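Notes to accompany the following structure.
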Amino acid sequence: MSGQETIGFVGTGIMGAPMARNLAQAGFGVVAYNRTAAKAEALREHGVAVAASPAEVGQAASIVITMVPDTPDVLAAVEGDDGLAGAMAEGSVLIDMSTIAPGETRALAGRLAERGIAMLDAPVSGGSWGAEQATLTIMVGGEPETFERCLPVFEAMGTSITLMGPSGMGQTTKLVNQILVAGTCASVAEALVFAAAQGADLLKTVEAVSGGAAGSWQLANLGPRMAQRDFAPGFMVKLQQKDLRLILEAAQERSVPLAVTSVARQYLTAAEAMGLGEEGTQAIVKAMERLADVEVRQDGGG
């Protein structure tokens, strides 16, 4: 694939903006659209063209990426009024990098195939930090030949890129990822609430246990943020809640019990009730703090 091929990008929020910017920096022509126009306009200084609608993006690009919050947002961008599907040419590719329901992904891929448009589902892990640094983990579902065609696009945004199987398997793998992420984040928060209640040095505790069997990305990255009261979002509570809803719906369909995931979701529900939906997922610790009447803070406040 030529590095000069134009790539469309719909959804330039906390994740999409740096992803689109990295594509432009890799030499691709990029044309972007966002419902809140100012978020797309901010990319002009990085060489990204701005479109007035998804359809305009679809007309300009042979490969289009969508990066929006939920299943209805993807369907609106692709099949709604002024959507991508009616504008994309036969032989083009839609890459959905949102996290949505696997069944909806497969159904959408089938409808696009009838138009001669290939589709890959390619959700990501790594949060806004991974998007900024182009180190995202990308899990892909779709046909191998379409994956190979789009691999240079993925390589401009991520460092771990895996074809997981046919349509929907990228989304399935992302939901597995989120089961692990949510349960581990909840455990990190519980551990630090316990440590704070015992009067431990929180940062030293994180450092001590990170090198052993308890080590994880969540502990090493979000544990210090909890202790230092840094709740800026790498991934928002409300978006994690959306992912957990998708997981539990899919699990219910197959009668798979997910007790740990369900508990993590309840803590996040409490965080949302506290008005923390747009904070980072590490804000789960605030819900636990309220129950324990102790504050996780490195200076020992509480």
Side-chain angles (χ1 to χ4, degrees), residues 1 7 9-11 15-16 19 63-75 77-79 84-85 88 91-127 130-131 135-184 217 235 239-258 260-261:
M1 180 191 301
I7 308 299
F9 211 106
V10 175
M15 296 288 291
M19 292 164 70
I63 296 175
V64 178
I65 295 168
T66 49
M67 187 61 172
V68 295
D70 202 349
T71 306
D73 304 294
V74 173
L75 297 179
V78 177
E79 298 179 310
L84 292 163
M88 293 174 69
S92 57
V93 180
L94 175 73
I95 305 174
D96 180 31
M97 302 189 79
S98 320
T99 300
I100 68 171
E104 293 282 2
T105 289
R106 289 188 288 269
L108 177 59
R111 295 193 296 272
L112 290 175
E114 294 174 357
R115 294 173 174 265
I117 301 169
M119 179 177 172
L120 297 174
D121 50 292
V124 304
S125 181
T135 58
L136 291 168
T137 294
I138 305 174
M139 301 149 270
V140 188
E143 295 299 320
E145 58 271 23
T146 308
F147 173 77
E148 290 298 326
R149 176 183 172 186
C150 297
L151 187 56
V153 176
F154 293 134
E155 289 174 337
M157 298 179 287
T159 52
S160 177
I161 304 151
T162 309
L163 178 63
M164 300 306 305
S167 178
M169 290 312 299
Q171 296 293 355
T172 296
T173 307
K174 173 61 183 290
L175 297 186
V176 170
N177 182 87
Q178 296 304 77
I179 291 171
L180 292 163
V181 163
T184 306
W217 188 99
F235 191 63
L239 294 179
Q240 182 73 290
Q241 282 288 70
K242 178 265 300 183
D243 291 353
L244 296 184
R245 171 179 55 79
L246 295 175
I247 289 163
L248 293 172
E249 288 173 352
Q252 183 65 35
E253 291 172 2
R254 299 296 180 95
S255 299
V256 176
L258 296 177
V260 173
T261 304

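Keep in mind that what you see is a predicted model, and the values were worked out from it rather than measured.
Every side chain to side chain contact (heavy atoms under 4.5 Å, CB included) that Leu248 has, sequence neighbours left out, goes to Leu258, Thr261, Ser262, Arg265. Every residue two or more places apart in sequence or in another chain was checked for a salt bridge (charged side-chain N to carboxylate O under 4.0 Å, His left out) with Glu155, and none qualifies. Applying the side chain to side chain contact (heavy atoms under 4.5 Å, CB included) test to Ala182 and every residue at least two apart in sequence or in another chain returns Gln240, Leu244, Ala264. Considering only residues two or more places apart in sequence or on other chains, Glu104 meets the side-chain hydrogen bond (donor to acceptor under 3.5 Å, both in side chains) condition with none of them. For Thr135, the side chain to side chain contact (heavy atoms under 4.5 Å, CB included) partners are Gln133, Thr159, not counting sequence neighbours. Here Asp243 pairs with nothing under the salt bridge (charged side-chain N to carboxylate O under 4.0 Å, His left out) rule; sequence neighbours left out. A search for side-chain hydrogen bond (donor to acceptor under 3.5 Å, both in side chains) contacts involving Thr105 returns nothing, not counting sequence neighbours.
The closest side-chain heavy-atom distance from Ile7 to Ile95 is not below 4.5 Å. At least one side-chain heavy atom of Met157 sits less than 4.5 Å from a side-chain heavy atom of Ile65.
Contacts classified as side chain to side chain donor-acceptor pair (under 3.5 Å) and involving residues 111-122 (residues at least two apart or in different chains) are given here: Glu79-Arg111. Listed by first and then second residue, the side chain to side chain donor-acceptor pair (under 3.5 Å) pairs that reach into residues 246-256 come to none, sequence neighbours excluded. Screening residues 162-174 for side chain to side chain donor-acceptor pair (under 3.5 Å), with sequence neighbours left out, gives Thr99-Lys174.
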